Amino acid sequence: MAQMLDLLRCRRRANDAAADGGKPARVDPDQWRFDVVRSVGEECQTDRELWGVLRRTRKFFKTDFVCYDGFEPSGRMHIAQGVFKAVNVNKCTGAGGVFIFWVADWFALMNDKMGGDLEKIKTVGQYFIEVWKATGMDMSKVQFRWSSDEINGHAVEYWGQALDIARKSTLARIKKCCQIMGRSEDKLTAAQIMYPIMQSTDIFFLKADICQLGVDQRKVNMLARDYCDSAGRKNKPIILSHHMLYGLAAGQAKMSKSNPDSAIFMEDTPEDVERKIRKAYCPLKPEQSRSEEADAMQLVKDDLMNPCLDYVKHILFGQPDFAFNAGGKSYATYGEVNAAFLSGAITEAALKDALIVEVNKLLEPVRSHFAKDPTAKELLAKITQWKKDNLTAPNVLVRLEPRPAFASKVFVVFAPLPGTHVRLEDVLGTLRRLKAAPADVERVLWLEDWTASAWDCVGASDACIRGYYEILLFGLRGLAPSLMDGVRVCWQSELILSGPSEYWISVINAGRRTSLDMIRNALAPGDSLENASQVFASLMHIGDVLCFTGSSSLTLCCDERHENLHRLAGSTCESYGLKAPEVLRVDAAPLRLLAPGEGAEADVNVMLTDKEVEVNKKVKKSFCMPENTEFNPPIAWVAELVNFQEFLVARKPDNGGDKTYTDAAALTQDFASGALHPGDLKPSLSKALNALLEPLREGLAKQDVLKKAQKDLEAFVKAQSKKK
């Protein structure tokens, strides 16, 4: 390794005599490190930033910069993953880096690899590690981190980052990345939209300085850099994209595991190697038109696309002090070999003869390891058998199982998504839905705080989302204490963190069964599918509903916003052979004080936190035309308030005197006839609303949790107003 580094060392500054006295120019101490690391990639985004990382790590005595690559355990390992990867890893670690392999077992699960069996996928991952040990990869500065374990062990950090990337990424941008999954855009599942976002999340989660992956991963790695621009992150990950080794058949821009003869595999026998190389495409001049795949996979244009020469260049000459011997002559560089082949000095037969010998030399330690080491031998035997078994993904339900379990009959209400204020209308609407439950069921109020973050509610601020729900719960308990005593309140985040693996696997599996059109049709009326976060939020909703499927009877009570999502979740349940939940729509009464589109929302809705003067001001400005009962917000409010108390209209004797109403129908009749005037109705409504809210105001002013909640929401509103 040291000899290889010495050969690669260059000097950015010349060592010739300087103008002032003839002293040699000082050697840049990072030049050789830059040259070694840079030699790994066909492209670097960007060279300047790579210099910055190398200087920063040396200057602050952090000798190790972090490189990252992810691999999806999905069967046998070919020579590009084995030998070529080992060459690149040894270059990076030799120049002072730590190389982290992200074992992407969850990604393999999303792509239905190994029959969608996570344990089999993990076994393949162990096999990969054994191969690299045998290839001569320097393991002293290599780490293997398993995505399923790491993600579940740090769920808040990981998924918080993933949701932020999803919020800041359009669906169109994510679709551009999806060629890495080998699927055309029109056949993408919802889970495959999650894939690039999770892969970008990996980069930040691992705190990688350099993403050292193949050209085929370039688009998703560039997504991480685009995210940095959107998020205002100064230090972007450097994208060092290595060459994709050609397949052995004509026109193959990269190897294909589905065609065993298109690649040399790390445990291939000498006979396999000879047979494949003898059959390999080996042109002297370009013979085929370039495919779109070739254009996408090549950052350095190569019209010849000769896989035999490609092996010589990237596999053989990647070895320290390598010399290529063919036709009785030794060649010290790839350029010499290429020129000799094109001129006819090296024949195709001679090229392949030498290639067969050298490739078998590289593979022999791997063969020996898997023949003699008991652990390695067992791993290979399992994988070989699974390949023969032609594994397919099972139709297995994985879901979060809450503790304690829900009752056999469950009635679930999803709370409103957070806003800058808690509308009294939302409190009353939630109570209306909870009251709709039969007496013999367990009532559940579901607070979807992580989903609210995906929807970018209140700027995806954890404090504001939490604050909104704390105030909402306080209002519900204050207005209907007996009812709420019998309601089980579930914070989505707490339930997820009680079983993050089961929950997110259920979400991923739901995504595998859900098309983007299904997501689009499940959005609330008026919403369009524009952002990747909408896909996350919709799939999380399915994961939430699956939590309740252990019950024999499940009712989802909702308003218009949740209805389509509930039905989408129901179709997922049926795909697992489960009974779809009953969806019961119970809309809240519209209590906006002006017609839709008129006025600012904060001024035309009564908020749970409104002071007396604010209530009076809003009601005074409310729409209330004499004798008009078709659209009359004050009358709608009376219809809600009579559920809590009698409604008293206080007026002078000349105007008919005081009158008490116990239902809205009588009041509506009086108003329509002109017996009740807006000038009497509005003040009485203000008084009734303030009487309802007054007991709550004391708690809002005294409880620390609620004071903080109000302060956080007020600060958010103030910050937003400054941006306008």
Side-chain angles (χ1 to χ4, degrees), residues 415-416 418-435 445 458 464 467-485 487 489 588-594 599-624 632-650 658 660-664 667 678 680-714 717:
T420 54
H421 301 82
V422 178
R423 300 186 306 173
L424 185 54
E425 174 183 331
D426 289 333
V427 177
L428 298 176
T430 302
L431 290 175
R432 177 182 289 196
R433 284 184 278 278
L434 289 169
K435 289 176 181 177
L445 178 62
V458 285
C464 289
Y468 175 91
Y469 281 134
E470 291 287 3
I471 295 172
L472 176 71
L473 286 173
F474 174 74
L476 294 170
R477 289 164 176 159
L479 294 180
S482 298
L483 173 67
M484 290 304 294
D485 283 345
V487 173
V489 176
L591 299 175
R592 199 175 189 274
L593 294 170
L594 292 179
E601 291 302 308
D603 298 331
V604 299
N605 287 286
V606 178
M607 309 301 181
L608 196 70
T609 52
D610 276 349
K611 297 179 174 57
E612 182 176 355
V613 65
E614 293 170 321
V615 171
N616 294 340
K617 182 180 178 180
K618 291 178 181 180
V619 174
K620 185 177 181 180
K621 293 183 177 181
S622 65
F623 183 87
C624 187
N632 194 309
I635 293 178
W637 269 108
V638 172
E640 289 297 309
L641 294 177
V642 293
N643 294 319
F644 296 90
Q645 58 197 21
E646 294 179 337
F647 185 78
L648 172 65
V649 174
D658 295 352
T660 299
Y661 294 92
T662 58
D663 65 77
L667 183 143
D680 296 319
L681 175 59
K682 285 186 176 183
S684 299
L685 176 59
S686 294
K687 186 174 182 179
L689 283 169
N690 282 313
L692 184 72
L693 292 174
E694 191 57 39
L696 303 179
R697 289 174 180 145
E698 183 177 353
L700 288 167
K702 288 185 177 180
Q703 293 185 30
D704 290 340
V705 170
L706 299 176
K707 287 194 292 183
K708 180 181 183 305
Q710 294 173 84
K711 184 177 179 181
D712 289 334
L713 289 168
E714 289 167 3
V717 172

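None of these values were measured; they are calculated from a predicted model. Atoms considered below: every heavy atom in the structure, side chains included; atoms not considered: hydrogens, waters and symmetry mates.
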Participant: Answer yes or no: is there a side-chain heavy-atom contact under 4.5 Å between V717 and L713?
Facilitator: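 Not in contact.
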Participant: Given side-chain contact (heavy atoms from CB on, under 4.5 Å), test T662 with V642 step by step and report yes or no.
Facilitator: CA-CA 6 Å; T662 58; V642 293; over 6 Å; no
Participant: Give a yes or no on this: more than 12 heavy atoms of other residues, nucleotides or ligands lie within 6.0 Å of atom NZ of K435.
Facilitator: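 Correct, the count exceeds 12.
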Participant: State, to 0.1 Å, how close A480 and L431 come at their nearest heavy-atom pair, and which atoms those are.
Facilitator: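 Nearest heavy atoms, A480 then L431: CB-CD2, 3.7 Å.
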Participant: Could you check whether any side-chain heavy atom of L696 comes within less than 4.5 Å of a side-chain heavy atom of L479, counting everything from C-beta outward?
Facilitator: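 With C-beta onward as the side chain, the pair touches.
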Participant: Measuring from atom CG of L593 to atom CG of L685, what distance do you get when rounded to the nearest 0.5 angstrom?
Facilitator: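 Rounded to the nearest 0.5 Å, the CG-CG separation comes out at 8.0 Å.
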Participant: For atom NZ of K682, is the number of surrounding heavy atoms from other residues, nucleotides or ligands below 6.0 Å larger than 12?
Facilitator: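 Count over threshold, so yes.
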Participant: When rounded to the nearest 0.5 angstrom, what is the spacing between CG in L445 and CE in M484?
Facilitator: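 With rounding to 0.5 Å, CG (L445) is 5.5 Å from CE (M484).
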Participant: Using every non-hydrogen atom in the two residues, find where L472 and A415 come nearest and quote the distance to one decimal.
Facilitator: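 Here L472 and A415 meet closest at CD2-CB, 4.0 Å.
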Participant: Are E640 and R432 side-chain neighbours, meaning at least one heavy-atom pair lies under 4.5 Å?
Facilitator: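 Side-chain contact under 4.5 Å: yes.
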Participant: Donor-acceptor check, side chain of N690 to backbone of K687, threshold 3.5 angstrom: yes or no?
Facilitator: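 Not confirmed, N690 side chain does not pair with K687 backbone.
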Participant: To the nearest 0.5 Å, tell me how far L428 CG sits from R423 CZ.
Facilitator: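 Reported to 0.5 Å precision, the distance equals 10.5 Å.
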Participant: Quick check: does any side chain N or O of R477 sit under 3.5 Å from a backbone N or O of D485, one acting as donor and the other as acceptor?
Facilitator: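 No: the side chain of R477 does not pair with the backbone of D485.
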Participant: Decide side-chain contact (heavy atoms from CB on, under 4.5 Å) for R697 and E612; before the verdict, give the C-alpha distance in whole Å, the side-chain angles of both, and the deciding distance to 0.1 Å.
Facilitator: CA-CA 10 Å; R697 289 174 180 145; E612 182 176 355; 4.0 Å; yes
Participant: First locate atom CG of L700, then atom CD1 of I471, and finally report the distance between them rounded to the nearest 0.5 Å.
Facilitator: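 Atom-to-atom, L700:CG and I471:CD1 are 6.5 Å apart.
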Participant: Which heavy-atom pair separates A602 from H421 by the least distance, and what is that distance?
Facilitator: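 Closest approach of A602 to H421, heavy atoms only: CB-CE1, 4.1 Å.
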Participant: Could you tell me whether the side chain of T660 and the main chain of L648 form a donor-acceptor pair under 3.5 Å?
Facilitator: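 Not a single qualifying donor-acceptor pair exists.
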Participant: Report the C-alpha separation of V615 and K618 in whole Å, then their side-chain angles, then the decisive distance to 0.1 Å, and conclude whether the side-chain contact (heavy atoms from CB on, under 4.5 Å) test is met.
Facilitator: CA-CA 5 Å; V615 171; K618 291 178 181 180; over 6 Å; no
Participant: Counting only N and O atoms by type, is there a donor-acceptor contact under 3.5 Å from the side chain of Y469 to the main-chain atoms of C464?
Facilitator: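 Not confirmed, Y469 side chain does not pair with C464 backbone.
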Participant: Name the one of L667, V638, L641 that satisfies side chain to side chain contact (heavy atoms under 4.5 Å, CB included) with Y661?
Facilitator: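 When L667, V638, L641 are each tested with Y661, the side chain to side chain contact (heavy atoms under 4.5 Å, CB included) holds only for L667.
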Participant: What is the minimum heavy-atom distance between T430 and D426, and which atoms define it?
Facilitator: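 Heavy atoms of T430 and D426 come nearest at OG1-O, 2.8 Å.
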Participant: Give the minimum heavy-atom separation between A636 and P590, together with the two atoms involved.
Facilitator: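 So the minimum-distance heavy-atom pair works out to CB-O, 3.9 Å.
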Participant: For residues L424 and L692, determine if any side-chain heavy atom of one lies less than 4.5 Å from a side-chain heavy atom of the other.
Facilitator: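 SC-SC contact between L424 and L692 confirmed.
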Participant: Would a 4.5 Å heavy-atom cut-off, applied to side chains only, mark V606 and L591 as touching?
Facilitator: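 They are not in contact (no side-chain heavy atoms under 4.5 Å apart), so the answer is no.
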Participant: With sequence neighbours left out, write down each residue that passes side-chain contact (heavy atoms from CB on, under 4.5 Å) with E714, or none if nothing qualifies.
Facilitator: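 Result, side-chain contact (heavy atoms from CB on, under 4.5 Å) vs E714: Q710.
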Participant: Kindly indicate whether the side chain of D704, heavy atoms from C-beta on, has any atom under 4.5 Å from the side chain of K707.
Facilitator: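 Yes, at least one pair of side-chain atoms sits under 4.5 Å.
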Participant: Is any side-chain heavy atom of D712 less than 4.5 Å from a side-chain heavy atom of Y468?
Facilitator: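 SC-SC contact between D712 and Y468 ruled out.
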Participant: Is there side-chain contact between T609 and F474, with at least one heavy-atom pair below 4.5 Å?
Facilitator: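 In short, these two side chains do not touch, never coming nearer than 4.5 Å.
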Participant: Considering non-hydrogen atoms only, spot the tightest contact between Q645 and A688 and give its length.
Facilitator: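 Between these two residues, the closest heavy atoms are NE2-O, 3.4 Å.
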Participant: Any chance you could measure L594, atom CG, to C624, atom SG, to the nearest 0.5 Å?
Facilitator: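 Result: 11.5 Å between the selected atoms.
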